[in-house]
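First comes the structure, then the notes that go with it.
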Protein chains: 2
Amino acid sequence: MSRTIRIKDVAEHAGVSVTTVSHVLNDVPGKRINAETRARVKASAAALGYVPNRVARSLRTRRSQVLALISDEIATTPFAGLMILGAQEAASKRGWLLMLVNTGLDPAYEAREIQALLQRQVDGFLYATMYHREVELPDELAGLPVILLDAVSRDPSIPSVVPDEVGGGRTAVEVLLASGHRRIAFLNNRDDIPASRGRLEGYRAALEAAGVGYHQSLVTYDASDSAGGYRAAAAVLDGTARPTALFCFNDRMALGAYQAAAERGLRIPHDLSVVGFDNQEIIADGLRPGLTTVALPHYEMGAWAVDTLIGSIDDNPQNDDRAQVVLPCPLVTRASVTAPGQTPG
Amino acid sequence: MSRTIRIKDVAEHAGVSVTTVSHVLNDVPGKRINAETRARVKASAAALGYVPNRVARSLRTRRSQVLALISDEIATTPFAGLMILGAQEAASKRGWLLMLVNTGLDPAYEAREIQALLQRQVDGFLYATMYHREVELPDELAGLPVILLDAVSRDPSIPSVVPDEVGGGRTAVEVLLASGHRRIAFLNNRDDIPASRGRLEGYRAALEAAGVGYHQSLVTYDASDSAGGYRAAAAVLDGTARPTALFCFNDRMALGAYQAAAERGLRIPHDLSVVGFDNQEIIADGLRPGLTTVALPHYEMGAWAVDTLIGSIDDNPQNDDRAQVVLPCPLVTRASVTAPGQTPG
DNA sequence: ACCCCTCGCCCAAACGATTTGGCAAATCAC
DNA sequence: GTGATTTGCCAAATCGTTTGGGCGAGGGGT
């Protein structure tokens, strides 16, 4: 077992001091080193297979090149994966690593974990929630480099990135309007969160832009799961003046809506067009016909947050892309939308 | 901004040397220190709010108390969350942290990432795949503390943890047998992976134990997604001697099977009982009626792997729980199983 | 011949802990 | 009272880097 080789070994091999090796390998600006020496050092390092000990470097520089992703609940949503993946790949691309901590909504536990991360010289924090919501930054993170991920603070000076719920809602309704639908119901989530507010706003904006009247009776509120979607769809389909299209708050509600439609003998999309939200592959791709839906930019949000966070750490302390950013929600077209049929009302 | 306080500050405050502070705070065995001094040191540390700098400690001890979770594809499966959560919580419980790296099946990239982790003195590795399969350990990890997660090596000396596919398959079929079913079809995955082999073996074992004959015509193979389940179910439901129950390779196939059943006017569970596998909440809980299914122990596998890994690092180098472990797959009962109806064949 | 630059490199002090090997003082044996 | 032990603590080395401040050699100007 050959001993792991240190900078000192490289220095001896190249016949220079460790200082010079460090200067060369790190391309320290303003240091004058002969080109020949420079080459010799690099050759020695390569020959010996030298890799710097990051722990020692961290101790000296007080920088770890490690980011922490703190989240409320990693497990409960299938989006977590994409957000984490976006963050991880962006970090890796720049030579950084990502620590992962799940705090499960317990502030005391959260404080301890932040403590543990700070002990390890973590350079920055991603504070993520697993669905878009408003949060308060924990005191322990105040003043540290941090970006909110899929969450937003009341304090506008805290940078954050969230999906463009309004734009997504508008997109969903626009595709229905473009197919000729005029009676479009919105099966909304009953929780008062940014997603339900924003998507409703987008729904109304799209209708208004198209000169279609907004009817309160076409908007229902229920739980944001399959059962809620089933109930909401049942109510709106059994009501007077049945809509020709459904915009569902999310794909799970759309799943329930499919079931309600099937029970009523309505074929999708011929008798009823449906648009979802979230692009949960398992549902959207698993349903027959495939569900046209609006995707949340989880991967992009994770990547953006890491890029921005690293930027704000590396560059001058406070560059002004500190901001509350909103990322677009693209449409994913499948087969659940077509022109309204001529079935009598 | 008060300077962060070091062990030296504690020493001065308590009127002792840093050596003594270290001895006291780490409860170094075999060191004789007066109880009164001991108390004074602890009081000083508490008063100053001292927390040790882990980076410095790591440099000296060559231990980081950090684990790395390397996975092939974090994002593509919704199980990732639970496995990662299990690992993370187990680590946190012991004061360890978890780094996350996704290598996406690219060996060169994987090697670089492992390099980067080793530079940071990571103490151990979880090498995870996002579905149960056989892997070869990358050379870079050979000889290091590592446990395979949801993966197994041909080399039995490499510890690993995977789900008990055979037992899960048996469980699924047993619940159908117990309800009185005798003609039970198995909609299997066509890929030759441990899950499809194991679940089939469990299916056969359960039938045999119940004295029910195995008929090859009742086992079909297709893609392990919703479309595959739809096709497989259609084939078996339209065949001669229609089964009274379906055991689906996974919940996505079950979703397809539900659709095929609905199209044929078969009510679940009255006309057709269905059991799935994986317990994907979105599907199993979203379907009507809820899908009785077998859960994969992702959380438990993650936790077990971390516990075992830390154990093998902390304790004497090679304690012999190094082994290829299998964890049980529990049944999750919902509403898709009942006694077979009397509908004529 | 003297002074002053610039080049090219190196010394040694951090960074903040752990750990080895001691050394005085107190206690004990006799 | 003397020598041997035990007790309680500390000094200094170490882990592997980075970095601020130098320092000698060589060249150019006068």
Side-chain angles (χ1 to χ4, degrees), chain A residues 2-42 44-45 48-66 95 116 118-123, chain B residues 2-42 44-45 48-66 95 116 118-123:
Chain A
S2 71
R3 214 174 71 313
T4 140
I5 73 126
R6 318 184 294 300
I7 197 175
K8 193 177 172 191
D9 302 318
V10 178
E12 284 167 5
H13 186 274
V16 297
S17 73
V18 296
T19 304
T20 302
V21 175
S22 175
H23 287 339
V24 169
L25 263 28
N26 294 325
D27 271 328
V28 177
K31 291 295 173 180
R32 302 157 306 197
I33 292 161
N34 190 312
E36 193 272 331
T37 309
R38 203 175 277 275
R40 191 153 34 90
V41 168
K42 281 181 176 162
S44 295
L48 298 177
Y50 170 71
V51 288
N53 180 324
R54 297 286 208 141
V55 175
R57 177 186 301 195
S58 291
L59 177 58
R60 181 62 233 246
T61 63
R62 305 167 151 292
R63 284 293 184 78
S64 60
Q65 302 232 109
V66 172
L118 287 173
Q119 284 184 53
R120 265 108 168 174
Q121 298 271 27
V122 165
D123 290 333
Chain B
S2 71
R3 216 175 67 315
T4 139
I5 72 126
R6 316 182 297 298
I7 197 175
K8 193 178 172 193
D9 302 318
V10 177
E12 283 168 6
H13 186 273
V16 297
S17 72
V18 295
T19 306
T20 302
V21 175
S22 175
H23 287 338
V24 168
L25 262 29
N26 295 324
D27 272 326
V28 177
K31 291 293 171 179
R32 303 155 306 201
I33 291 161
N34 190 313
E36 193 271 331
T37 308
R38 203 174 277 275
R40 191 153 36 89
V41 168
K42 282 182 175 162
S44 295
L48 298 177
Y50 170 71
V51 289
N53 179 326
R54 296 287 208 143
V55 175
R57 177 187 301 194
S58 290
L59 178 57
R60 181 63 233 251
T61 62
R62 304 168 153 294
R63 284 292 184 78
S64 61
Q65 302 233 110
V66 172
L118 287 173
Q119 284 185 52
R120 265 108 169 173
Q121 298 272 25
V122 164
D123 290 334

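Below, chains carry the letters A, B, ... as their sequence lines are ordered, and counting in each starts from 1.
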Segment of DNA chain D, first to last nucleotide, that comes within the 4.0 Å heavy-atom reach of chain A
dG16(D) to dG21(D)
Sorted by chain and number, sequence neighbours left out, salt bridge (charged side-chain N to carboxylate O under 4.0 Å, His left out) with D123(A) holds for none
Kindly write out the residues that satisfy salt bridge (charged side-chain N to carboxylate O under 4.0 Å, His left out) with R120(A), not counting sequence neighbours, or none if the list is empty.
none
Short N/O separations, protein against nucleotides 8-10 of chain C, under 3.5 angstrom:
unit_1: dG8(C); atom_1: N7; unit_2: R32(A); atom_2: NE; d: 3.4
unit_1: dG8(C); atom_1: N7; unit_2: R32(A); atom_2: NH2; d: 3.0
unit_1: dG8(C); atom_1: O6; unit_2: R32(A); atom_2: NH2; d: 3.1
unit_1: dC9(C); atom_1: OP1; unit_2: T37(A); atom_2: OG1; d: 2.4
unit_1: dC9(C); atom_1: OP2; unit_2: N34(A); atom_2: N; d: 2.7
unit_1: dC9(C); atom_1: OP2; unit_2: T37(A); atom_2: OG1; d: 3.3
unit_1: dC10(C); atom_1: OP2; unit_2: S17(A); atom_2: N; d: 2.8
unit_1: dC10(C); atom_1: OP2; unit_2: S17(A); atom_2: OG; d: 3.2
unit_1: dC10(C); atom_1: OP2; unit_2: T20(A); atom_2: OG1; d: 2.7

What residues form a side chain to side chain contact (heavy atoms under 4.5 Å, CB included) with [X], not counting sequence neighbours?
X       : answer
V18(B)  : I7(B), K8(B), A11(B)
L118(B) : I114(B), F125(B), L144(B)
T19(A)  : S17(A), H23(A)

Restricting to non-hydrogen atoms, name the atom on [X] and the atom on [Y] that form the minimum distance, rounded to 0.1 Å.
X      : Y      : result
L48(B) : D9(B)  : CD1-O, 3.7 Å
N53(B) : L59(A) : ND2-CD1, 4.4 Å
I33(A) : V24(A) : CD1-CG2, 3.9 Å
S58(B) : S64(B) : OG-CA, 3.4 Å

Whole-Å gap separating [atom2] ([N]) and [atom1] ([X]):
X      : N       : atom1 : atom2 : result
K8(B)  : dA17(C) : NZ    : P     : 11 Å
I7(B)  : dT19(C) : CD1   : P     : 11 Å
R63(B) : dT18(C) : CZ    : P     : 14 Å

From CA spacing to verdict: side chain to side chain contact (heavy atoms under 4.5 Å, CB included), V55(B), R57(A):
CA-CA 10 Å; V55(B) 175; R57(A) 177 186 301 195; over 6 Å; no
To the nearest 10 degrees, what angle separates the axes at the start and end of the helix from dA1(C)-dT30(D) to dC30(C)-dG1(D), five pairs each?
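What I find for the helix from dA1(C)-dT30(D) to dC30(C)-dG1(D) is an axis angle of 50°.
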List in chain and number order the residues that pass side chain to side chain donor-acceptor pair (under 3.5 Å) with [X], two or more places apart in sequence or in another chain; answer none if no residue qualifies.
X       : result
Q119(B) : R54(A)
N26(B)  : S22(B)
T37(A)  : none

Going by heavy atoms closer than 4.0 Å, what residues in residues 49-61 of chain A are next to DNA chain D?
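Residues of residues 49-61 of chain A that come under 4.0 Å of DNA chain D are, in numerical order, Y50(A), V51(A), P52(A), N53(A), A56(A), R57(A), R60(A), T61(A).
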